[in-house]
Structure formats: C-alpha cells, structure tokens
Amino acid sequence: GSEGSPNYNCIVLGNSGVGKSTLAENVLYPALKKIGVLTGKLVKVSKEDLKGKGYAAKQKEAKFGMLLVDEAYALTGCESVTNEFVNKIHKERSSVMMVVVGYQQEMSIWLRSNQGLQARFEHTIVISDYSAEELVNIGMRFVEENEIDGCVLLDLVEQGQIGELGITKPLHQSKPG
C-alpha cells in the first residue's frame with residue numbers, strides 16, 4: 001500500500017513568467033530523478049489532456065515520474081476532473097509525483113473548490129520574482145527538507161543541467177546562508 005509512502009506532491013505558485021514550470025521541470029524533476037526518487041518520465045499536461053479518460057492515461061504515462069499540470073486553475077469548474085484528482089492523487093502518491101502549477105489567486109480558488117484537494121499536496125512553493133540562483137536555493141531547500149542528498153542539485157548545476165532557467169531579471173541579491 002501507499003500509506004507510509006512519502007508525499008512529494010507539490011503546488012507551485014507565482015506570477016506570470018517567474019519560472020513555475022521551469023522550477024518543476026529543470027530543478028525538482030532532475031534532482032529527484034538523479035537520486036532515484038523518480039524513475040519515470042516527466043509528463044506535462046493541461047486541462048484538455050485530463051478530460052475524459054485522459055487523466056488515467058497521463059497518470060499511467062507518468063508512472064514513477066512526475067505529472068506536471070500547468071495552469072491547473074483552469075480545472076476550476078471541471079468538477080469531474082477535480083474529483084478524480086482528489087480520489088487518485090492520494091492512492092497514487094507512491095507511484096507518481098503530482099505537481100500543479102499556476103497563479104496564486106486563481107489556484108487558491110481551484111484548491112478551495114474541493115474539500116480534499118489542498119490536503120493532497122504536501123508541499124507548496126510560492127515563487128516571487130526570483131533570480132536563477134535563488135530558484136536553485138529553493139530547490140535545494142525542498143531537497144533538504146525531504147532528506148534528499150543535496151549534492152545532487154549542485155552536481156546538476158555544475159554539469160550545466162540547471163542554470164538555463166530562462167529567468168532574466170534578478171530583482172535582488174540572494175541573502176547568504
């Protein structure tokens with residue numbers, strides 16, 4: 001069963017263009033894959049991909065990997081899809097890491113639309129307008145809080161696999177420590 005399984009499911013919130021999907025795709029996924037928490041692939045989906053039998057198909061495709069739902073707030077009002085989320089996310093947390101991404105205000109409306117939805121996500125990352133360096137630090141913190149070997153992210157940075165984050169506007173220097 002999945003009762004004792006760690007829950008890596010994650011909500012990533014932030015303004016347009018701050019790198020929400022980028023954080024999931026280029027920081028969390030490679031780091032968790034490198035240390036073997038995730039062994040499957042990253043499957044990025046939208047509202048349209050999840051309608052009908054779409055959720056089950058995409059969940060199967062992402063088995064032991066990450067299912068990344070971009071602009072998840074678009075599911076507001078799609079009760080059947082949201083209900084399926086709530087029913088399956090908990091049961092499948094040992095086989096798929098679910099990451100939902102969107103704007104903070106719109107996401108809070110969606111998350112409140114179903115009583116069990118928010119509880120299915122163990123982690124919430126709110127991205128301000130961070131620099132690439134700060135995003136890596138946030139990823140490191142997630143990794144450390146989940147007792148994952150933090151050297152993994154540094155290795156990925158050194159290998160150049162992280163850093164091409166497309167974030168162009170560092171607003172302030174990251175604080176040491």
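Model, not experiment: these values are computed from the prediction. Counting from 1, the numbers follow the sequence of the chain as shown.
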- Task: Identify, with sequence neighbours excluded, every residue that meets side-chain hydrogen bond (donor to acceptor under 3.5 Å, both in side chains) alongside Asn15.
- Result: none
Under 3.5 Å, sequence neighbours excluded: what are the donor-acceptor pairs made by side chains of residues 64-80?
| unit_1 | atom_1 | unit_2 | atom_2 | d |
| --- | --- | --- | --- | --- |
| Asp70 | OD1 | Ser21 | OG | 3.0 |
| Thr76 | OG1 | Tyr73 | O | 2.7 |

- Message: Exactly one of Lys20, His123, Gln118 should register a side-chain contact (heavy atoms from CB on, under 4.5 Å) with Ile11. Which one does?
- Response: Gln118
- Item | Option from Val126, Val100, Val18, Ile125 for which side-chain contact (heavy atoms from CB on, under 4.5 Å) with Leu13 holds | Val126
- Task: Using salt bridge (Lys or Arg N to Asp or Glu O under 4.0 Å) as the criterion, list what pairs up with Asp49, not counting sequence neighbours.
- Result: none
Which pair of heavy atoms, one from [X] and one from [Y], lies closest together, and at what distance?
| X | Y | answer |
| --- | --- | --- |
| Pro30 | Ala24 | CD-O, 4.4 Å |
| Ile89 | Arg120 | CG2-CB, 3.8 Å |
| Ala56 | Lys88 | CB-NZ, 4.0 Å |
| Val101 | Met107 | O-SD, 3.9 Å |
| Leu28 | Cys10 | CD1-SG, 4.4 Å |

- Task: Please assess Met97 against Leu38 for the test side chain to side chain contact (heavy atoms under 4.5 Å, CB included), listing each intermediate value before the final yes or no.
- Result: CA-CA 8 Å; Met97 178 180 177; Leu38 302 177; 3.8 Å; yes
- Ignoring hydrogens and angles, tell me if any N or O in the side chain of Lys33 forms a donor-acceptor pair with the backbone of Gly40 under 3.5 Å. yes
- Counting only N and O atoms by type, is there a donor-acceptor contact under 3.5 Å from the side chain of Asn9 to the main-chain atoms of Glu122? no
- Item | Pairs where residues 101-111 contributes a residue and the test side-chain hydrogen bond (donor to acceptor under 3.5 Å, both in side chains) is met, not counting sequence neighbours | Thr82-Trp110
- Query: With a 4.5 Å limit on heavy-atom distance, are the side chains of Lys44 and Glu25 in contact?
  - Reply: yes
- Could you go through the side chain to side chain contact (heavy atoms under 4.5 Å, CB included) check for Tyr29 and Lys34 one step at a time? CA-CA 8 Å; Tyr29 177 74; Lys34 182 161 183 171; over 6 Å; no
- Note on the structure: Hits for side-chain contact (heavy atoms from CB on, under 4.5 Å) against Gln59, two or more places apart or cross-chain, chain-then-number order -> Tyr55, Glu92, Ser95, Val96
- Qualifying residues under side-chain contact (heavy atoms from CB on, under 4.5 Å), relative to Lys60, sequence neighbours excluded: none
- Go through the steps to decide whether Val45 and Val43 satisfy the test side chain to side chain contact (heavy atoms under 4.5 Å, CB included), and finish with yes or no. CA-CA 6 Å; Val45 298; Val43 178; 3.9 Å; yes
